[in-house]
Amino acid sequence: MPHKVNRRDFVKTGTAGLLAAGAGTGPAFGQAPAVLTSVKPVVISSANGFKYKNGGPRTCVEEAFGRITRGEDVLDALVAGVNIVELDPEDDSVGYGGLPNADGVVQLDSCCMHGPRKRAGGVAAIEGVRTPSLVAKAVLDNTDHHLIVGKGAQDFARNMGFTIEADLNTPKSRKAWLEWKRRIDPEHYLDPIKRDEAGRKVSLQMMREGLLDPGHYWGTINCDGVNAKGEVCGVTTTSGLSFKIPGRVGDSPILGAGLWLDGEVGAAGSTGRGEANLFNLSSHLIVEEMRRGRHPKDAAMEALKRIKANTVEKRLLTDKGLPNFYVTFYVLDRTGRYAGVDLYGTLNGKPRQFAVCTENGPQLLPVESLLGEGLSDTP
Ligand code: ASP
């Protein structure tokens, strides 16, 4: 049974690994890191890593944690975890059944990084493969490259033996797209700003009517883990922004934006408005802040401050002049300290959460927020 904890417990749990390891986080770049022998393994992810089981017995964070503690490679374990969410047709933000682009085509993005091996791989705008994280891992394992996109990514996947399907929509995702299409301004492609506004307006209305899950307009899974030896890996996988312009790629497959890690420091990944992370290379910034010795929470707050400062366009601001979108970070360091941090702490009055699995089992925890109470009705 999942164990619910309060914020004080969370801070305690979050520092346990550090105390066990008896070490600080960040060596200066190029300096040998302290050898860790007793890190308490942790897996952290977006809240959907605690929810979907694809008809099986375990969620993403439980699956990944179990595999890590049985000695499996950390990245293999994390990818096996996110595969559950990718394959579950009920999660309409990731993999099979992810909400499609404006043309009704499901285009998926993913990347992954391996700390000890210092390898990375990603795919963007790939169609027809339910598990883009496994294709990203194949890029990491089998090529000299870090990112393959579009048709090339699909051809690569086919050559690697993946099944290519004609359509990854489910009845649920197709229904949502049809409704969105029916409502949108038919001239929207002529003026990108008008299209953006029209698209947001329609999406908000569909959320109010219960046709779209507000948590999934932006939606993704990021999952990061560390084992007892302090080996850190991470993976992010998504169908990206709902009803996006075909070919639009967000932060999720971009190293440094939707995921970054350094095996000698820690990992950071994100969900939410990808453009904010692309503009600020937030995950890279967070890892560099941890390298300077900052706690995962403080490092992530720094990235959120950067996002806030760099958000100046009126269409992206509330009437209080604050960002009108969400960005969440999932951060852990190699000593096992972790944090889930967001611009806002609630969505439509409900606490925003992240998932974690430790020796105490899987839990959903409240995020720490930069700006306090959240927005309502905001995609
Ligand atoms: N960050 C993803 C993107 O911008 C979407 C999300 O996490 O909601 O594509």
Side-chain angles (χ1 to χ4, degrees), residues 46-48 52 88-109 124-128 150 165-221 238-252 271-276 278 311 313-319 322-328 343-344 346-350 352 374-379:
S46 35
N48 47 358
Y52 297 100
D88 193 320
E90 286 305 309
D91 186 312
D92 56 15
S93 73
V94 175
Y96 175 57
L99 286 173
N101 66 21
D103 284 351
V105 178
V106 180
Q107 286 186 330
L108 304 173
D109 302 330
I126 184 171
E127 297 174 13
E165 296 177 64
D167 186 6
L168 294 186
N169 276 292
T170 54
K172 186 179 165 197
S173 66
R174 186 174 291 106
K175 189 168 161 221
W177 174 76
L178 272 172
E179 187 61 26
W180 183 82
K181 197 76 180 165
R182 186 177 71 70
R183 296 181 187 205
I184 196 135
D185 176 356
E187 287 172 1
H188 61 281
Y189 280 103
L190 298 182
D191 175 349
I193 293 184
K194 197 169 150 203
R195 174 193 177 274
D196 189 59
E197 279 165 7
R200 283 169 77 92
K201 213 167 127 197
V202 165
S203 299
L204 282 174
Q205 187 59 38
M206 287 175 67
M207 280 175 211
R208 274 185 218 113
E209 292 172 27
L211 297 169
L212 277 183
D213 179 343
H216 283 185
Y217 180 77
W218 303 95
T220 295
I221 183 163
T238 190
S239 52
L241 173 66
S242 311
F243 317 130
K244 59 197 173 186
I245 289 179
R248 175 268 188 189
V249 171
D251 59 327
S252 305
T271 59
R273 183 178 157 78
E275 283 69 13
L278 285 168
T311 304
E313 286 183 66
K314 194 157 177 273
R315 69 189 174 91
L316 296 174
L317 297 172
T318 63
D319 50 10
L322 297 172
N324 65 9
F325 52 83
Y326 284 85
V327 173
T328 318
L343 275 170
Y344 296 99
T346 59
L347 169 63
N348 292 335
K350 292 200 194 118
R352 290 180 65 77
L375 308 159
S376 50
D377 269 355
T378 294

Counterpart residues, side chain to side chain donor-acceptor pair (under 3.5 Å), relative to [X] (two or more places apart):
{"X": "Ser46", "answer": "Asn48"}
{"X": "Asn101", "answer": "Gln107"}
{"X": "Gln205", "answer": "Arg208, Glu209"}
{"X": "Asp109", "answer": "none"}

### Task
Could you check Phe325 against Thr311 for side chain to side chain contact (heavy atoms under 4.5 Å, CB included), going step by step and ending with a plain yes or no?
CA-CA 10 Å; Phe325 52 83; Thr311 304; 3.7 Å; yes
### Query
Hey, is the main chain of Glu90 close enough, under 3.5 Å, to the side chain of Lys172 for a donor-acceptor pair?
yes
Rounded to the nearest 0.5 Å, how far does [atom2] of [Y] lie from [atom1] of [X]?
{"X": "Asp103", "Y": "Lys181", "atom1": "CG", "atom2": "NZ", "result": "5.5 Å"}
{"X": "Ser173", "Y": "Leu178", "atom1": "OG", "atom2": "CG", "result": "9.5 Å"}
{"X": "Leu322", "Y": "Leu317", "atom1": "CG", "atom2": "CG", "result": "7.5 Å"}
{"X": "Leu241", "Y": "Arg273", "atom1": "CG", "atom2": "CZ", "result": "8.5 Å"}
{"X": "Ser239", "Y": "Asp91", "atom1": "OG", "atom2": "CG", "result": "7.5 Å"}

For [X] against [Y], the heavy-atom pair lying closest together:
{"X": "Val94", "Y": "Ile221", "result": "CG2-N, 3.6 Å"}
{"X": "Pro89", "Y": "Tyr96", "result": "CB-CE2, 3.8 Å"}
{"X": "Arg315", "Y": "Asn324", "result": "O-ND2, 2.9 Å"}
{"X": "Pro100", "Y": "Trp177", "result": "CG-CB, 3.5 Å"}
{"X": "Val106", "Y": "Gly95", "result": "CG1-O, 4.0 Å"}
{"X": "Asn169", "Y": "Gly104", "result": "ND2-O, 2.9 Å"}

### Query
For Glu275 and Leu316, what are the C-alpha separation, side-chain angles and deciding distance, and is it a side chain to side chain contact (heavy atoms under 4.5 Å, CB included)?
CA-CA 11 Å; Glu275 283 69 13; Leu316 296 174; over 6 Å; no
### Task
List in chain and number order the residues that pass side-chain contact (heavy atoms from CB on, under 4.5 Å) with Leu278, two or more places apart in sequence or in another chain; answer none if no residue qualifies.
Asp251, Ile254, Ala257
#### Entry: Aromatic plane relationship, Tyr326 with Tyr344 - under 30° parallel, 30 to 60° tilted, over 60° perpendicular
perpendicular
## Note on the structure
By salt bridge (charged side-chain N to carboxylate O under 4.0 Å, His left out), Glu179 pairs with (sequence neighbours left out) Arg182, Arg183
